[in-house]
Asker: 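Questions regarding the structure given below will be posed in turn.
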Amino acid sequence: MHPMLKPALRRAWRGRNTVQFGVTPAHAVTLGPMDIATGSFLELLDGSRGLSMLREEARALDLSDRHVDVLVARLTAAGLLDDPKAGGPEAEALRQRAEALDRQRPDAASLSVVHPAPGSGLRRLAARRGMRVQVRGAGRVGAAIAAVLSASGVGQVDVLDGGRTEPWDVAPGGLPAAAVGERRDTAARQLVRRSAVAGAARTPAPARTPEPARTPESARMSVGGDPALSLVVVAPRDGLSAYVPDPDAAAPWIVSGTPHLYAGVIEATGVVGPLVLPGGTGCAGCLALHRAERDPQWPRMLAQWRSGRRTTVPACDLGLATAVAGLAAAHALSFLDGELPASTGARWEAALPLLDWRSDRLGPHTDCDCGAAGRTEGELTSASGPAQDTMAG
Ligand SMILES: [Zn+2]
């Protein structure tokens, strides 16, 4: 081990003998009491020294070997230590791809703050390369989500949409002005490729030559040789389908157990969530049943909203669309990294002009055949993180 204090956390003395690591309450830790010699010793924890060398240099500061071992153990337990060599073979492979890692240094630093064990941040960043996400919709929200996921190291991002790019689909971070008139799916594919971290994008694997299974992620191969879908992001150009998700469209994902996340802008409201874990959290069907119970006129209105062809351009504030895309992508990445973000079984909404984000829990409905109502939250958390289980795609 080559202990290194996580550089992502700022360090400050809080009074004379307590050190605070980190600024914000979410990840800040204080450690004390700490004498001056120990404080000086902290400077040595920069990842360049192994434990034996650290003990040796500590003796020059009149610190015993035991003192060093206890301190290193405490720092590790507090999630403050990283190790520039830890994280396993995938993390090591990422370190070898210097150009890719340089692009992702801030992401690696962020993951090091979130995941306490030495090397676990980089291991999770590297694992994204083996994941496959499908984004449905290539408008202002969907295309930007796909670009962010690709630039965050997700190995395969497929975007589905029809028709040709319209001038109002163009957005910074999304489809460029040059794509107007091109097929949306082609333009989105190019966007994903351009956004990808160097060397991270997979070229579609030829059928029947799956890579050797090295990780749980790459072990989840579907028949054709592509990895199974880790996640579907539903980000339709018409935000109504994100705000009122269609149970029929979601049925195949419920059957296959594919997690899916809704995001979009409708009128002047931005929506992120729910992230649906099939059989674990409330789905589009549960949502429809709850809604109809609360508002018996809702299904009648929904039928009117859905009927007929809309010819007007849907309202969509660019700032709100960009915020929704960024937040949805961050929730997706948190899930892909093995966590259950706050959109799990809940929906976040912000409406112009105040943009106050609020969340609504969307529980399972007992009449829905997705089966989520029979489960407890405990079962849900142990059975649905992508890091642990083997979901079919
Ligand atoms: Zn349901």
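First listed ligand is number 1; within each ligand, the first listed atom is number 1. Computation of the quantities below employed the complete heavy-atom set of this structure, encompassing side-chain atoms and omitting hydrogens, waters and symmetry-equivalent molecules.
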Asker: Fit a plane to each ring of Trp253 and His260, take the angle between them on a 0 to 90° scale, and name the class: parallel (under 30°), tilted (30 to 60°) or perpendicular (over 60°).
Answerer: tilted
Asker: Do Asp161 and Arg136 sit within salt-bridge range, that is, some charged N less than 4.0 Å from a carboxylate O?
Answerer: no
Asker: Do the side chains of Arg183 and Asp185 get close enough for a salt bridge, i.e. N-O under 4.0 angstrom?
Answerer: yes
Asker: Please determine whether a side-chain nitrogen of the Lys or Arg among Glu182 and Arg164 lies less than 4.0 Å from a carboxylate oxygen of the Asp or Glu.
Answerer: no
Asker: Could Arg105 and Asp107 be called an ion pair, given the rule that one side-chain N must be under 4.0 Å from one carboxylate O?
Answerer: no
Asker: What is the number of protein N, O or S atoms that sit under 2.8 Å away from the Zn ion (ligand 1)?
Answerer: 4
Asker: Is Arg97 salt-bridged to Glu99, going by a charged N under 4.0 Å from an acidic O?
Answerer: no
